[in-house]
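Taking it in order: structure first as structure tokens, then the write-up.
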Amino acid sequence: MTTDQPQATPDRHFPHKDVEAKWQQIWRQKKASQTPVDPGADKYYVLEMFPYPSGRLHMGHCRVYSIGDAIARFMRMRGKNVLHPMGFDAFGLPAENAAIKHQVHPGDWTEQCITDMKDQFERMGFSLDWDREAVTCRPDYYRWNQYFFIKMLERGLAYKKAAAINWCGTCETVLANEQVEQGACWRCGNPVTTRNLEQWFYKITDYAEQLLNDLEKLTDWPESVKTMQRNWIGRSEGARAKFRLLPEGYVAGKNVPARSDSDKVIEIFTTRPDTLFGVTFMSLAPEHPLVDSLVRGTKYEAGAREFISAVAQEDRFLRTAEGREKEGFFTGRYAVNPVNNEAVPIYLANFVLMEYGTGAVMAVPAHDQRDFEFARKYDIPVKVVIAPEEETLDDETMTAAYTAPGLMVNSNEFDGLPSSDAKSAIVDRLKEQDLGGQTIQYKLRDWLVSRQRFWGTPIPIVYCEKCGAVPVPEDQLPVVLPRDVQFTGSGNPLLQSDEFINAPCPKCEGPGRRETDTMDTFMDSSWYFLRYCDPLNAEEPFSKKAADAWMPVDQYIGGIEHAILHLLYSRFFTKVLRDLGLVNIDEPFQRLLAQGMVTNTFVDKATGVLAVDENGRPKQAKMSKSLGNGVDPLEIIEQYGADTARLFILFAAPAEKELEWTDEGVNGCSKFLNRVWRLVQGTLDACEFAPEEAAALAPGNANDKELQYQVNRAIQRVGSEMGERHHFNTSIAAIMELANAISTYLSTSHEFERMTLGFSVRTLLLLLFPFAPHVTSELWEQAGFDGTIDEQKFPEFDPKALIKDEFEIVLQVNGKVRSKIVVSMNATKADIEAAALADEKVQSHLGGQEPKKIIVVPGKLVNVVG
RNA sequence: GCCGAAGUGGCGGAAUGGCAGACGCAGAGGACUCAAAAUCCUCCGCUCGCAAGGGUGUGUGGGUUCGAGUCCCACCUUCGGCACCA
């Protein structure tokens with residue numbers, strides 16, 4: 001190189017690649033993120049929902065893990081014993097699809113993806129304890145799924161039954177109710193159909209009441225998530241009532257025959273026992289088990305069967321959609337209303353669900369809109385039994401059901417009672433006569449856990465001709481997935497593996513056949529947070545001691561898409577494990593942060609132009625492959641570095657809100673880190689003199705005092721924003737303000753007070769460290785501060801430095817700001833009041849009037865009321 | 001329909017009942033430069049005004065209060081969840 005060539009402008013960007021690589025290696029070597037051996041009273045368990053190992057980190061991942069890592073690093077600085085583990089939710093369909101496409105074993109594909117992703121985690125600088133890694137597709141993990149399955153079976157919480165269940169034709173497997181979103185598969189989005197299959201279920205309904213009530217304890221969960229769970233559990237208070245079935249041959253209008261011992265009973269559930277006297281028919285779900293015996297051999301049989309099969313063929317979600325045309329069929333049979341002994345016709349109705357209540361509904365057209373539409377269509381009488389205060393209802397002319405409260409009419413001895421009082425009175429009467437009583441009904445259904453897929457935990461059951469379904473004994477676990485299988489894309493490969501299928505019956509040792517269904521992957525994620533407490537335990541899923549020491553998770557972070565699914569299952573599982581004596585807690589997650597999604601503008605595929613909203617602004621949509629608007633974290637790391645990416649992610653929006661990705665915003669954060677870099681480089685000599693304690697600072701001149709105020713204020717703010725409120729954006733804003741204050745100090749002071757300046761720079765780095773760990777580590781070292789920054793305690797502010805000698809008081813006249821004055825800290829209320837009244841602008845706005853009242857808020861303002 | 005959350009500059013967003021718009025982005029002007037980038041300085045809700053200064057302003061309408069973005073009542077809009085669940 002020759003010297004007379006023009007000098008290139010020095011690169012003003014700090015060398016993020018070198019810095020990040022250097023510190024990542026140092027952290028790895030010294031195992032900087034290792035969990036302390038003894039959690040003690042100062043334990044802090046911070047957990048982010050573990051990822052599916054797709055092989056590539058996306059921005060959504062970066063967001064959750066940046067949030068979690070900032071908390072983990074902050075809590076370590078606060079002296080907490082932090083558990084911050086990571087693992088992989090490694091069973092599931094993508095691996096199986098990859099197996100079909102590339103003819104590799106899903107296990108090999110998954111392990112390669114895990115290796116790749118761990119590398120990407122490291123490049124983001126996340127402080128995770130990989131020694132506690134849990135990978136759900138490995139036998140040392142999934143054997144405990146099998147163990148829990150058997151425990152559930154022993155407690156009667158796992159059972160097999162034939163039921164109409166959700167089937168996804170694309171994924172070729174059944175789905176739990178929670179995995180169906182508006183009639184479509186949660187994973188692939190294709191419509192779900194109904195099939196009648198025999199499947200394994202967990203009795204989550206046994207815990208409905210607890211799952212609902214314990215939501216009250218979760219005071220640090222977002223209201224939205226709790227509401228969703230409440231709605232999903234769907235508790236309704238109501239009544240059961242027994243309708244006596246009349247024998248075949250009863251004709252409407254005849255006297256109702258006397259009760260006989262051979263009478264069958266149809267039980268209904270209602271939330272409106274006050275309307276029992278208004279029942280004019282009964283509706284049964286077409287699948288109701290009694291239907292067959294009602295119509296068999298009658299002239300209604302053929303029609304009924306036709307109706308049932310027509311309904312069955314219909315898409316289940318269409319059929320049950322609101323506003324759907326009501327369809328019904330008269331069975332020819334009658335039942336007797338328990339409160340007034342009237343005979344009412346029994347219909348089949350397409351809108352009655354077998355899964356809810358008893359599958360039989362008393363119909364009150366006058367006071368239920370569905371029944372009303374049905375009655376008008378099939379010409380069934382309408383009978384008003386609740387009279388509104390304002391209007392008079394007429395059976396013949398009313399055009400909609402009246403569903404509000406009112407006074408009871410046509411209800412014998414209950415006439416004149418307010419309907420709200422009649423509810424319990426009627427229920428009491430049903431109970432007295434043993435014809436019903438109060439009851440509670442939930443919408444929650446049992447959790448369907450079997451899946452017709454290969455890449456999941458094998459259900460540890462052997463079917464024996466003699467002994468039936470026999471659980472595999474604990475000492476024979478795990479039942480391991482076979483390696484020698486072909487992935488052809490049709491059917492479950494387990495069905496073709498003789499080695500797997502053929503197994504002796506554990507009971508009689510006769511020939512048996514293994515269950516080929518595997519478990520829902522949500523089973524894996526329902527207890528992984530417990531495995532992290534004791535990840536290497538080969539004797540038990542986890543020791544009680546370790547679980548007691550670490551649980552519950554203090555801070556859990558994840559996407560809102562799991563508001564019901566994973567979060568409900570995990571809560572259920574925790575309660576079951578508690579009842580098994582394995583844990584001491586009722587709820588697994590103390591505090592929950594549901595982070596918002598990452599969005600970006602995108603180019604409309606149809607038009608090829610930037611998609612805009614109705615205001616002409618670029619439209620935002622979730623980053624996704626299909627829209628092609630994803631930003632690759634690796635590219636951002638390459639261009640700006642992980643610190644910039646992390647800072648932007650946490651600064652641009654509150655964690656629970658949507659994050660709009662903007663290149664300008666990322667650039668802004670990059671500029672800030674470069675500014676900090678230059679700022680520290682320019683103050684290295686002052687750093688030598690930095691004390692460790694704020695209290696050690698000498699008073700100094702006005703500029704020094706102002707900087708001391710600012711630095712202490714920043715410590716206070718970041719401490720409370722991070723420690724109590726977990727507000728990352730305002731924490732970073734406070735750090736930026738400190739950087740601004742230092743810059744102001746440098747440009748306005750003629751003489752620097754080196755201790756104050758050094759302390760401010762030192763503090764700036766400490767406060768910034770949880771967000772941008774690499775660059776702060778490097779600068780800490782360059783400044784020559786003791787040790788490494790990740791070993792430092794979070795600074796403490798000096799309360800004395802926050803008290804100013806004099807402060808500004810806002811002067812209001814009639815609540816409007818009119819002036820400002822500076823008063824001494826020692827000024828009394830009377831002094832301030834006098835000063836306020838002496839103020840020219842206050843006087844002019846008073847316009848010569850005598851003030852009626854003067855309010856003095858010490859340290860803040862004076863309001864003069866004229 | 002039911003339940004929940006939220007409405008603040010051009011944008012993302014701040015504000016224990018006490019100066020609305022912190023922090024940042026975008027924008028305007030200036031400095032440095034042959035020039036650009038980078039960097040630094042200044043301005044930046046709307047409106048009237050040359051200015052000093054005034055008016056107005058947190059979805060809408062009321063209310064409580066000396067004082068309301070914040071509390072209360074009613075309504076509107078957006079987003080999210082559930083939805084023929086008897």
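Lettering of chains follows the sequences in order, A, B, ..., and the numbering in each one begins at 1. Computed over heavy atoms, backbone and side chain alike; hydrogens, waters and symmetry mates excluded.
The partner of C2(B), taking Watson-Crick or G-U wobble pairs whose two distances both stay under 3.5 Å, is G81(B). Applying the Watson-Crick and G-U wobble criteria (two distances, each under 3.5 Å), C40(B) pairs with G30(B). The nucleotide A74(B) finds its pairing partner in U60(B), both defining distances of the Watson-Crick or G-U wobble pair being shorter than 3.5 Å. Nucleotide G10(B) has C25(B) as its partner under the Watson-Crick or G-U criteria, with both atom distances under 3.5 Å. Within the shown strands, nothing qualifies as a pairing partner of A51(B) under the Watson-Crick or G-U definition with both distances less than 3.5 Å.
Among the protein residues, Gln812(A) comes within range of the nucleic acid bases, having at least one heavy atom under 4.0 Å from a base atom. Counting non-hydrogen atoms under 4.0 angstrom, Arg230(A) reaches nothing in the nucleic acid. Arg725(A) comes within contact range of the sugar-phosphate backbone alone, with a heavy-atom separation under 4.0 Å but no base atom that close. Using a 4.0 Å heavy-atom cutoff across all strands shown, His845(A) reaches sugar-phosphate atoms only and no base atom. Within the 4.0 angstrom heavy-atom criterion, base atoms lie near Val352(A). In this structure, Val817(A) reaches the sugar-phosphate backbone alone: every heavy-atom distance under 4.0 Å involves primed, P, OP1 or OP2 atoms, never a base.
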Using distance only, find each side-chain donor-acceptor pair of residues 594-602 of chain A under 3.5 Å and give its atom names and separation, not counting sequence neighbours.
residue: Gln595(A); atom: OE1; partner: Gly559(A); partner atom: N; Å: 3.2
residue: Thr599(A); atom: OG1; partner: Gln620(A); partner atom: OE1; Å: 2.8
residue: Thr599(A); atom: OG1; partner: Leu659(A); partner atom: O; Å: 3.4
residue: Asn600(A); atom: ND2; partner: Asn629(A); partner atom: O; Å: 3.1

Return all side-chain donor-acceptor pairs below 3.5 angstrom for residues 276-286 of chain A, not counting sequence neighbours, or 'none' if the list is empty.
residue: Thr280(A); atom: OG1; partner: Pro381(A); partner atom: O; Å: 2.9

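Nucleotides G63(B) and G13(B) are separated by 33 Å at their P atoms, to the nearest Å. Rounded to whole Å, the C1' atom of G80(B) lies 35 Å from the corresponding atom of U65(B). Comparing A20(B) with C25(B), their P atoms are spaced 25 Å from each other, to the whole Å.
In this structure, of G18(B), U39(B), C85(B), it is C85(B) that holds the atom nearest to the side chain of Arg370(A). Distances were taken from every side-chain heavy atom of Glu737(A) (C-beta onward) to each of G12(B), A86(B), A22(B); the shortest belongs to A22(B). Closest to the Phe651(A) side chain, of the nucleotides G12(B), A86(B), C82(B), is G12(B).
Within 3.5 Å, a donor on the side chain of Arg445(A) pairs with an acceptor on the base of C85(B), or the reverse.
The closest side-chain donor-acceptor pair between Ser743(A) and Arg675(A) falls under 3.5 angstrom.
Residues Arg713(A) and Glu706(A) are not paired through a salt bridge, judged by the lack of any N-O separation under 4.0 Å between the basic side chain and the carboxylate.
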